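Since the structure comes first, as structure tokens, the remarks are kept for the end.
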Amino acid sequence: MPRILGLALLLLCAGSHAQQQRYDLPREMHCSAKPYCGQSGRACNTVEKTYTGAAAGSAKHSIVQACVDANRPDRCNCIQQCRQVARCSKF
């Protein structure tokens with residue numbers, strides 16, 4: 001019985017250690033926001049950025065804010081599109 005408990009404890013510890021290593025890896029997110037302007041002679045600014053580590057956790061919010069900032073002053077309804085067109089994907 002002590003051997004079984006010892007083996008179970010060993011397997012449990014090994015599993016949690018492997019799981020912890022998976023979460024310790026740096027995260028990386030690639031994000032972009034590409035609003036569109038249909039007015040002749042005007043264009044929205046596209047933004048694209050890669051976020052790593054802790055910044056990857058708020059990547060979507062950050063790319064939306066970067067889009068808003070890049071499209072000021074807004075002459076073509078670009079800023080209103082930033083949240084809808086923002087896309088992030090894991091690397």
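The model shown is predicted, which means the values in this text are computed figures rather than measured ones.
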Quick check: closest heavy atoms across [X] and [Y], and the distance to 0.1 Å?
{"X": "Arg83", "Y": "Val64", "result": "CA-CG2, 4.0 Å"}
{"X": "Arg87", "Y": "Gln84", "result": "NH1-O, 2.8 Å"}
{"X": "Ala56", "Y": "Met29", "result": "CB-CG, 3.7 Å"}
{"X": "Thr52", "Y": "Glu28", "result": "CG2-OE1, 3.2 Å"}

* To do: With rounding to the nearest 0.5 Å, note down the distance linking CD in Gln39 to SG in Cys76.
  => 4.0 Å

* Tyr51 and Ile63, any side-chain heavy atoms less than 4.5 Å apart -> yes

* Asked: Hey, does Asp74 have a side-chain heavy atom less than 4.5 Å from the side chain of Gln80?
  -> yes

* Asked: Does Arg75 use its side chain to pair, donor to acceptor, with the backbone of Arg42 at less than 3.5 Å?
  -> no

* For Tyr36, does its backbone N or O pair with a side-chain atom of Gln81 as donor and acceptor, under 3.5 Å? ->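 Yes; judged by distance alone, with no hydrogens or angles, the pair exists.
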
* **Residue from Thr46, Asn45, Val47 passing side chain to side chain contact (heavy atoms under 4.5 Å, CB included) with Cys67** => Val47

* Just checking, any donor-acceptor pair under 3.5 angstrom between side chains of Thr50 and His30? ->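 Side chains of Thr50 and His30: pair found under 3.5 Å.
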
* To do: Look at the SG atom of Cys44 and the SG atom of Cys78, then say if they are under 2.5 Å from each other.
  => yes

